[in-house]
Amino acid sequence: MQPETWQAVDDYLTRTIVGEDDVLRGVPAASVAAGLPDIQVTPAQGKLLNVLARSIHAQRILEIGALGGYSTIWLARALQADGRLTSLEINPRFAELAAGHCAAAGVAERVEFIVAPALESLPRLAAERRGPFDLTFIDADKENCPAYFDWAVRLSRPGAMIIVDNVVRGGRVAEADSADPAVRGMRTMLAAIASDPRVSATAVQTVGGKGYDGFLLAITS
Ligand code: DHB
Ligand code: MG
């Protein structure tokens, strides 16, 4: 099987069962046109986030890394009207674009963007007793994922879900001696999770329109 097949199947699934509306369909191209990297989750992955959030009736969602707001919209649409999503984004230009996309998607009132490095926002959220969160989606710089994951656990309710994007990195996560900071970040995070009594986790390899990668799915105790 080849990447072209993965893309063709993703296209087929997107057309058939994912159910993107016109707003979501336009976000990736609008983000690229604004100069953002074309690295948002695929439609099928976005829908997975939406289904997972709905399955646990998530009312408080934390996102680390908004980019153009594509995953933000999928997650925010899983919320009831009184649910809230807090999205941490370091880049003010990205946050502004994401906020515009959330407004077009009709979820602006449910979404708050905090524009700062997440390692500054996360302790502030804890100090302000924000949360606890029912679901956290981590999709930001991979080097800081060990710290992001630790903060996500601290900010979670018992039985909360934590999802981390990009844990497989084309298979390179299995390379113990990798010098790639992203791979090292994921390996450090995975090793910490393995001996962390606060969580139980798995990771699943995926192929699709973004190639070969995978996500981590954890539940807090
Ligand atoms: C990259 C980041 C992502 O979150 C992703 O899903 C794919 C690629 C990157 O930084 O290359
Ligand atoms: Mg990602």
Side-chain angles (χ1 to χ4, degrees), residues 3 6-7 9-11 13-14 18 20 24 27-32 34-53 61-76 78 85-91 93-95 97-98 101-102 111 113 115 117-119 121-122 135-149 151-152 161-175 178-190 193 201-218:
W6 309 341
Q7 179 74 67
V9 171
D10 243 351
D11 292 345
L13 295 175
T14 300
V18 168
E20 273 192 313
L24 276 168
V27 168
S31 301
V32 169
L36 276 60
D38 192 13
I39 55 172
Q40 64 278 314
V41 298
T42 63
Q45 291 169 341
K47 180 68 173 289
L48 175 65
L49 294 173
N50 179 278
V51 169
L52 289 172
I61 296 177
L62 175 64
E63 177 178 69
I64 305 176
L67 198 64
Y70 185 78
S71 55
T72 318
I73 294 169
W74 275 115
L75 285 166
L85 185 153
T86 304
S87 185
L88 313 182
E89 175 53 57
I90 191 171
N91 188 314
R93 220 164 47 78
F94 294 7
L97 192 74
H101 290 152
C102 284
V111 178
F113 291 96
V115 185
L119 289 181
S121 304
L122 290 161
L135 185 151
T136 299
F137 178 49
I138 302 174
D139 192 13
D141 60 299
K142 312 312 169 193
E143 296 88 328
N144 284 319
C145 275
Y148 296 155
F149 188 89
W151 277 110
M161 192 178 281
I162 302 174
I163 304 158
V164 185
D165 195 25
N166 311 118
V167 297
V168 173
R169 310 302 300 197
R172 284 175 289 124
V173 72
E175 296 171 7
S178 175
D180 181 340
V183 170
R184 295 175 70 94
M186 286 306 177
R187 291 182 59 92
T188 300
M189 181 192 73
L190 290 165
I193 291 171
T202 189
V204 177
Q205 304 181 67
T206 58
V207 295
K210 284 178 71 178
Y212 168 37
D213 211 321
F215 62 89
L216 178 118
L217 184 61

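Numbering of residues begins at 1 and proceeds along the displayed sequence. Counting convention: from 1, in listed order, for ligands and their atoms alike.
The part of Lys142 lying near ligand 1 is the side chain, judged by heavy-atom distances below 4.0 Å. Counting heavy atoms under 4.0 Å from ligand 1, residue Asp165 touches it through the side chain alone.
Counted by atom type alone, Gln45 and Tyr70 present zero donor-acceptor pairs between their side chains at under 3.5 Å. Donor-acceptor pairing under 3.5 Å is recorded for the side chains of Ser71 and Glu63.
Formation of a donor-acceptor pair under 3.5 Å by the Arg184 side chain with backbone atoms of Ser178 is found in this model. The main-chain N or O of Arg169 is found under 3.5 Å from a side-chain atom of Asp213 such that the two form a donor-acceptor pair. Put simply, the side chain of His101 gets close to the backbone of Gly68: a donor and an acceptor are under 3.5 Å apart.
Nearest protein heavy-atom neighbour of atom 1 (C) of ligand 1: Ile39 CD1, 3.8 Å. Regarding atom 3 (C) of ligand 1, its nearest protein heavy-atom neighbour is Asn166 OD1, 3.1 Å. Ranking the protein heavy atoms by distance from atom 9 (C) of ligand 1 puts Arg169 NH2, 4.0 Å first.
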*Check step by step if side-chain contact (heavy atoms from CB on, under 4.5 Å) holds for Leu88 and Tyr148.*
CA-CA 11 Å; Leu88 313 182; Tyr148 296 155; over 6 Å; no

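The shell of residues lying under 4.0 angstrom from ligand 1, judged by heavy atoms, includes Lys210.
The Mg ion (ligand 2) is the vertex of the angle joining OD1 of Asn166 and OD2 of Asp165, which measures 90° to the nearest 10°.
Take the N/O/S atoms of Asp139: the one nearest the Mg ion (ligand 2) is OD1.
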